[in-house]
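Numbers restart at 1 for each chain; the letters A, B, ... are given by sequence-line order, proteins then strands.
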There are 2 protein chains.
Amino acid sequence: MAVGAIRPGGRTARVRAAVLRAAGDALVEHGFDRLDLADVARRAEVGKTTVYRRWGTVAGLVADLLTDMAEQSLPRADTGSLTGDLRANARLVQRTLVDPRQGALFRAVIVAATCDPRAAEALHHFYAVRIAEWAPCVEQAVRRAELPPGTDAAEVIRAVSAPLYYRLLVSGDPIDEAAADRAADAAVAAAHAGVYTTAGGPQPVR
Amino acid sequence: MAVGAIRPGGRTARVRAAVLRAAGDALVEHGFDRLDLADVARRAEVGKTTVYRRWGTVAGLVADLLTDMAEQSLPRADTGSLTGDLRANARLVQRTLVDPRQGALFRAVIVAATCDPRAAEALHHFYAVRIAEWAPCVEQAVRRAELPPGTDAAEVIRAVSAPLYYRLLVSGDPIDEAAADRAADAAVAAAHAGVYTTAGGPQPVR
DNA sequence: CCGTTAAAGGTTCTGCAGTTCCGTTAAGGC
DNA sequence: GCCTTAACGGAACTGCAGAACCTTTAACGG
């Protein structure tokens with residue numbers, strides 16, 4: 001075999017998959033701060049030396065987990081109306097954050113991002129991908145003249161998620177379907193008023 | 001002295017103040033995950049036994065720090081217009097989150113809240129207080145007929161902060177004055193459209 | 001199939017966060 | 001001012017996360 005070749009196949013891939021799955025389980029059970037790499041190794045039925053060597057720290061492991069999560073994508077909605085699409089998006093985010101496993105996982109990766117630059121980069125990339133996936137909903141609405149031209153599509157999508165993440169991380173208020181619909185409706189109203197146009201400030205209400 | 005009396009005065013209060021200040025410094029420097037209670041004790045020039053006995057864990061210490069922070073309040077603005085007031089609020093939040101010390105501190109306490117129930121309760125109380133302080137801006141706007149009756153004042157205030165915290169914790173986008181103004185303007189537009197009325201869904205744009 | 005070596009695995013060691021123990025200081029009621 | 005004891009402080013101890021070391025397994029090129 002050639003010198004210096006890397007070996008991503010077979011066992012290495014199996015080990016990565018097992019460790020990432022175990023890391024997800026452990027994160028959901030204990031949370032970010034109480035995560036022990038040796039415990040992850042035990043769950044994954046893998047030598048703890050391997051986990052320490054390949055990922056080093058809890059944050060490094062979470063960063064890799066996020067990279068993996070970014071690759072699995074969910075299709076965006078296309079209901080024909082902006083409100084319908086954004087409500088679908090808000091409901092998707094809402095269901096994800098409320099889900100015991102997914103919600104705990106997202107809290108954990110967001111925490112990891114505040115502690116480690118690699119995890120932060122992975123997180124920002126993850127959301128950049130998700131936002132780019134949904135931006136076409138807004139672009140279509142602009143083409144349909146539902147929204148003013150020059151509307152920043154990504155900013156509208158972010159505006160839908162923001163109140164839900166605010167509840168998850170900051171205020172602790174319940175993340176129910178009503179909150180999701182309100183988040184979507186607020187984004188539509190603000191976009192309609194021209195708040196998200198690149199030109200700048202809000203346009204007068206027509 | 002009576003049996004079982006507690007002693008909050010003198011030395012005890014001095015120790016608490018010194019430890020909370022030291023904890024803030026340490027949080028800003030190392031972040032939540034790398035916080036060592038022994039290091040906090042050293043900075044505060046206090047026995048480490050004291051810190052472990054009174055606060056026990058990092059999360060417990062942060063919870064107390066938050067309780068302390070909730071007591072120091074900043075006055076709300078009163079510019080005469082809803083947009084003016086909410087932009088002032090958004091700018092205040094923006095400046096706080098961008099400030100190296102304050103920003104790091106807020107990230108740390110939010111992280112602590114995801115790890116510990118007491119810290120979570122302290123955080124939610126902190127924001128409940130802040131939101132209640134600014135809610136009158138919205139109530140005034142309703143009285144001035146700038147907004148539809150039945151508008152949920154707290155929800156409007158939360159809507160102003162949400163995009164800024166989303167940037168801080170999730171997307172990593174810059175938290176500049178333009179973002180602050182957009183957050184305020186979006187909240188105004190959505191509130192104006194009736195998204196935050198207790199009645200429910202959005203009212204038709206007038 | 002074989003040889004090379006990248007990558008995983010097992011075991012032992014170590015530093016330090018967190019605990020325990022006991023002596024010291026000073027808050028506050030009389 | 002005195003006494004009781006809540007609360008602080010220093011030092012020695014301990015358990016375990018993470019490092020170090022060496023052995024074993026299996027991926028991949030020929």
Side-chain angles (χ1 to χ4, degrees), chain A residues 1-23 25-27 29-64 68 108 111-112 115-116 118-119, chain B residues 1-23 25-27 29-64 68 108 111-112 115-116 118-119:
Chain A
M1 185 180 173
V3 184
I6 50 165
R7 299 173 181 181
R11 183 167 66 162
T12 301
R14 269 199 310 281
V15 165
R16 185 172 111 110
V19 169
L20 292 187
R21 193 166 35 72
D25 293 346
L27 275 180
E29 266 185 53
H30 305 311
F32 175 79
D33 59 323
R34 314 225 169 195
L35 195 64
D36 174 19
L37 295 196
D39 176 53
V40 172
R42 232 174 293 122
R43 288 164 184 262
E45 295 181 309
V46 149
K48 79 168 180 172
T49 314
T50 302
V51 178
Y52 278 107
R53 188 184 16 242
R54 280 191 60 178
W55 291 280
T57 66
V58 173
L61 180 55
V62 173
D64 197 31
D68 191 64
V111 166
C115 300
D116 181 88
R118 281 170 304 166
Chain B
M1 184 181 173
V3 183
I6 50 165
R7 300 174 179 177
R11 183 167 63 163
T12 302
R14 270 199 309 282
V15 165
R16 186 172 110 108
V19 169
L20 291 187
R21 193 166 35 71
D25 293 346
L27 274 181
E29 265 184 52
H30 306 310
F32 175 79
D33 59 324
R34 315 227 168 194
L35 195 63
D36 173 19
L37 294 197
D39 177 53
V40 172
R42 232 174 293 122
R43 288 164 184 261
E45 295 180 310
V46 150
K48 81 167 179 170
T49 314
T50 301
V51 178
Y52 278 105
R53 187 178 22 239
R54 280 191 60 179
W55 290 280
T57 67
V58 173
L61 180 56
V62 173
D64 197 31
D68 192 64
V111 167
C115 300
D116 180 88
R118 281 171 305 167

(message) When you compare the side chain of A/D33 with that of B/D33, does any pair of heavy atoms fall below 4.5 Å?
(response)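 No. Closest side-chain heavy atoms not under 4.5 Å.
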
(message) Counting distance alone, no hydrogens or angles: does the base of C/dA7 have a donor or acceptor under 3.5 Å from a partner atom on the side chain of A/R53?
(response) no

(message) When you measure only distances, ignoring hydrogens and angles, does the side chain of A/K48 come within 3.5 Å of the base of D/dG18 through a donor and an acceptor?
(response)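 Yes, a donor-acceptor pair under 3.5 Å.
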
Side-chain N,O ([X]) to OP1/OP2 ([N]) below 4.0 Å:
X	N	answer
B/T50	D/dG9	yes
B/R54	D/dC8	yes
B/R14	D/dC8	no
A/Y52	D/dA19	no

What's the spacing between [X] [atom1] and [Y] [atom2] if we round to 0.5 Å?
X	Y	atom1	atom2	answer
B/R54	B/D64	CZ	CG	7.5 Å
B/L27	B/L61	CG	CG	7.5 Å
B/W55	B/R53	CH2	CZ	10.5 Å
B/E29	B/L35	CD	CG	10.5 Å

(request) Searching all strands shown, indicate the nucleotide that pairs with D/dG30 (Watson-Crick or G-U wobble; both distances under 3.5 Å). (result) C/dC1

Integer-rounded Å distance: [N] [atom2] and [X] [atom1]:
X	N	atom1	atom2	value
B/R34	D/dA17	CZ	P	17 Å
A/R42	D/dC16	CZ	P	11 Å
B/D39	C/dC16	CG	C1'	13 Å
A/D33	C/dA17	CG	P	16 Å
A/E45	C/dG9	CD	P	10 Å

(message) Need to verify one output field. Residue with the more 5' nearest nucleotide on DNA chain C, B/G56 or A/R16?
(response) A/R16

(request) Assign each of A/T49 and A/A38 to its nearest nucleotide of DNA chain D by heavy atoms, then name whichever residue's nucleotide is nearer the 5' end. (result) A/A38

(message) Of the options C/dC21, D/dC8, C/dA8, whose atoms approach the side-chain atoms of B/R11 most closely?
(response)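 For B/R11, the side-chain atoms sit closest to D/dC8.
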
(request) Choose from C/dT11, D/dA17, D/dG9 the nucleotide whose nearest atom is closest to any side-chain atom of A/D36. (result)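 In terms of side-chain proximity for A/D36, the closest of C/dT11, D/dA17, D/dG9 is D/dA17.
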
